[in-house]
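What follows is one structure encoded as structure tokens, with my remarks underneath.
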Amino acid sequence: MAERVAWITGGGSGLGRATALRLVKDGWTVAVSARTEADLQELAASSDAQGKIHAYPCDVSDREGMAETADRIEREVGPIDLAFLSAGIYIPFGLDDFSAEKLETMFRVNVGGVANAIEAVMPRFRSRDAGRLVVVSSFTQYRGLCRTAGYGSTKAALLSICETLRLQTQDTGITVQIVVPGYIETRMTAKAPFPLPGIISAEDAAERSVAGMKTEDFEILMPKDIVDEVRRARLMPSEEYFKMAAVTPLFGGTPTD
Ligand SMILES: NC(=O)c1ccc[n+]([C@@H]2O[C@H](COP(=O)([O-])OP(=O)(O)OC[C@H]3O[C@@H](n4cnc5c(N)ncnc54)[C@H](OP(=O)(O)O)[C@@H]3O)[C@@H](O)[C@H]2O)c1
């Protein structure tokens with residue numbers, strides 16, 4: 001059995017992949033999940049994985065599949081100490097093409113996928129009174145930004161879920177944390193048709209995530225200054241916020257986006 005075991009969803013690419021490789025450097029054994037098995041196998045076979053990354057393909061929106069995956073990881077690799085939930089999708093739409101279908105799809109993956117993972121690992125953490133649950137959200141969780149009516153609402157839901165779980169676990173051996181990135185260079189941002197202020201590499205984001213996971217901080221902000229600007233805007237009166245956000249690049253673009 002491996003000494004420290006992490007389960008990373010969205011481990012086939014971007015932040016999840018970079019975090020898997022970074023954890024291996026710290027001696028972790030990592031089970032990675034995503035839908036595209038080829039990405040996971042390529043990662044597991046890479047020399048940097050040192051034979052310590054194992055592929056567990058799974059769609060996070062498949063509740064039974066997620067429960068079975070957690071079961072297999074614990075049987076084949078060892079008890080899960082850390083769940084790093086990075087799987088997520090971004091499907092943009094604006095005012096004139098508002099899409100209930102796109103919003104529902106994002107909720108199924110971004111929120112439903114996280115819920116399925118929590119349902120799969122929390123009883124295990126509770127029975128051992130140990131474990132770290134780390135949910136990857138976004139700075140869009142804090143306020144309504146342009147282009148994020150769907151995506152941002154899924155991330156706001158994650159903040160609410162994590163705040164509650166953090167409250168509920170505060171006298172236990174379980175730690176709940178939320179990773180709050182601004183922009184990261186990944187497949188998700190590769191074709192973004194708008195500026196991405198303060199963008200950082202996936203490796204840098206993984207480094208900051210792993211450093212944050214060595215603390216008991218609830219929020220892991222990256223980069224801190226940019227994300228904190230949006231975080232602080234939570235305290236602004238709404239009318240003042242709308243005027244400021246409409247003309248500040250970090251908050252958006254045009255009001256119909
Ligand atoms: N990039 C940014 O600027 C940015 C900013 C803030 C927050 N984030 C958040 O960071 C997280 C990671 O995103 P990223 O930037 O690293 O994007 P990415 O490179 O597109 O990686 C997303 C990963 O999630 C997996 N995934 C997507 N749908 C899935 C599903 N239904 N079941 C299982 N796995 C699924 C993808 O693999 P498959 O498609 O093969 O399943 C992929 O491995 C996301 O939660 C995202 O919202 C990103």
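In each ligand, atom 1 is the first atom listed, and ligand 1 is the first ligand listed. Residues: numbered from 1 along the sequence shown.
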Query raised in the report: Quick one: nearest non-hydrogen protein atom to atom 15 (O) of ligand 1, plus distance?
Result: T186 OG1, 2.6 Å

**Report entry** Nearest non-hydrogen protein atom, atom 6 (C) of ligand 1
**Finding:** G182 O, 3.4 Å

Query - Test side-chain hydrogen bond (donor to acceptor under 3.5 Å, both in side chains) applied to Y183 - qualifying residues, sequence neighbours left out - result: none

Report task. Tell me which part of S137 gets within contact of ligand 1: side chain, backbone, both or neither, using heavy atoms under 4.0 Å. Result -> backbone

Requested in this report: Establish, yes or no, whether the cationic atom of R143 lies under 6.0 Å from the six-membered ring centre of Y241 and within 45° of the ring axis.
Outcome: yes

Query raised in the report: What part of L196, side chain, backbone, both or neither, has a heavy atom within less than 4.0 angstrom of ligand 1?
Result: neither

**Report entry** Heavy atom of Y151, distance to ligand 1 below 4.0 Å
**Finding:** yes

Report task. Say whether G113 and ligand 1 are in contact under the criterion: heavy-atom distance to a ligand atom below 4.0 Å. Result -> no

Report summary line: Short version for D59: what comes under 4.0 Å of ligand 1, heavy atoms counted, is both

Report task. Would you mind checking if E216 and R132 are paired as a salt bridge, meaning a charged N to carboxylate O distance below 4.0 Å? Result -> yes

Requested in this report: Salt-bridge test for E3 and K52: reply yes if a basic N is under 4.0 Å from a carboxylate O, no otherwise.
Outcome: no

Query raised in the report: Salt bridge check: are D71 and R124 linked by an N-O gap of less than 4.0 Å?
Result: yes

**Report entry** Protein residue, atom and distance nearest to atom 25 (C) of ligand 1, heavy-atom basis
**Finding:** G10 CA, 3.7 Å

